[in-house]
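Notes follow the structure.
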Amino acid sequence: LQYTAERTVTLTLPNDGTTEFGRFKESQIHDLTSYTVAKAAVAMKDVQDIPGIQTSKDPATDLGTAVETETTSQDQNIRVKISDQDAKVAQTLVNALVDAYLENAKVQKSQSLKHALEAAHRERQDAIDAQMRIEESKNALAQKVGFNDPETLQKTAEDIRREYTAKTN
């Protein structure tokens, strides 16, 4: 007699405007059934207490092969199923796997946000550096030419800015 435990994961499409839901769902099923997530699941205390986990050569691979996922093309839900001779073991395993997946997804999202913030910071710093170079060029030119007329300096700065923008694009 086999018992099947099931848990449903509801997906939310990222708001990046570029992600197609079908591909996103496929990537999430891939992550959910990945070795990395299975390894994190078998490291959880409740799973470690299951007889046979400690004696398995590769419990993460064993768990990965026991997982079934179901979904439909229009559905935002992924049904995760694991069967075992012991209903409590099946439920513990499916809960651990989904919890590990959710934690992994949270970490990935956090890393993505961190990288995006770092990129935005670098872009901002590059813009500040470019503005400083323009100001330095403007001041050097003013000294070289020997004039400090604000209107002429502004026009010169705009010319330099256009030149710089043309070179960087």
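Only a predicted model underlies this, so the values are computations on that prediction, with no experimental measurement involved.
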CZ of Phe21 to OG1 of Thr12: how many Å apart, nearest 0.5 Å? 8.5 Å
Salt bridge (charged side-chain N to carboxylate O under 4.0 Å, His left out) involving Glu6 - partner list, sequence neighbours excluded: Lys81
What I'd like to find out is whether the side chain of Leu32 reaches to under 4.5 Å of the side chain of Val67, using heavy atoms alone. no
Could you work out, with salt bridge (charged side-chain N to carboxylate O under 4.0 Å, His left out) as the rule, every residue matching Glu103, not counting sequence neighbours? Lys106
List in chain and number order the residues that pass side chain to side chain contact (heavy atoms under 4.5 Å, CB included) with Gln2, two or more places apart in sequence or in another chain; answer none if no residue qualifies. Ser83, Gln85
Heavy atoms only: give me the nearest Ala38-Ala60 pair and the separation to one decimal. CB-O, 3.4 Å
Just one of Thr8, Thr10, Thr71 clears the side chain to side chain donor-acceptor pair (under 3.5 Å) bar with Asn77, so which one? Thr10
For a quick test of your reading: what N or O donor-acceptor pairs under 3.5 Å do the side chains of residues 112-128 make, sequence neighbours left out?
{"unit_1": "Ser112", "atom_1": "OG", "unit_2": "Gln108", "atom_2": "O", "d": "3.1"}
{"unit_1": "Gln125", "atom_1": "NE2", "unit_2": "Asp129", "atom_2": "OD1", "d": "3.0"}

Partner set under side-chain hydrogen bond (donor to acceptor under 3.5 Å, both in side chains) for Thr61, not counting sequence neighbours: Asp58
Any residue meeting salt bridge (charged side-chain N to carboxylate O under 4.0 Å, His left out) with Arg7, in chain and number order, not counting sequence neighbours: Asp99
Sequence-distant partners of Ala43, side chain to side chain contact (heavy atoms under 4.5 Å, CB included), two or more places apart: none
Between Ala41 and Val47, the two heavy atoms sitting closest are O-CG2, 3.4 Å
same_hphob_cluster(Leu11, Leu102) at 4.5 Å side-chain heavy-atom cutoff: yes
Any pair with a residue in residues 32-42 that passes salt bridge (Lys or Arg N to Asp or Glu O under 4.0 Å), sequence neighbours left out, goes on the list, sorted by first then second residue, please. none
ILVMFWY cluster, Tyr35 and Ile29 together (side-chain gap under 4.5 Å): no
With sequence neighbours left out, the residues meeting side chain to side chain contact (heavy atoms under 4.5 Å, CB included) with Ser56 are Pro59, Asp62
Side chain to side chain contact (heavy atoms under 4.5 Å, CB included) partners for Gln48, two or more places apart: Ile53, Gln54
Asp46: salt bridge (charged side-chain N to carboxylate O under 4.0 Å, His left out) partners, not counting sequence neighbours: none
How far does CG of Asp86 sit from OG1 of Thr92, to the nearest 0.5 angstrom? 8.0 Å
Intermediate values then yes/no, side chain to side chain contact (heavy atoms under 4.5 Å, CB included), Tyr3 and Lys88: CA-CA 9 Å; Tyr3 295 94; Lys88 186 177 178 182; over 6 Å; no
Salt bridge (Lys or Arg N to Asp or Glu O under 4.0 Å): pairs with one or both residues in residues 24-34, sequence neighbours excluded: none
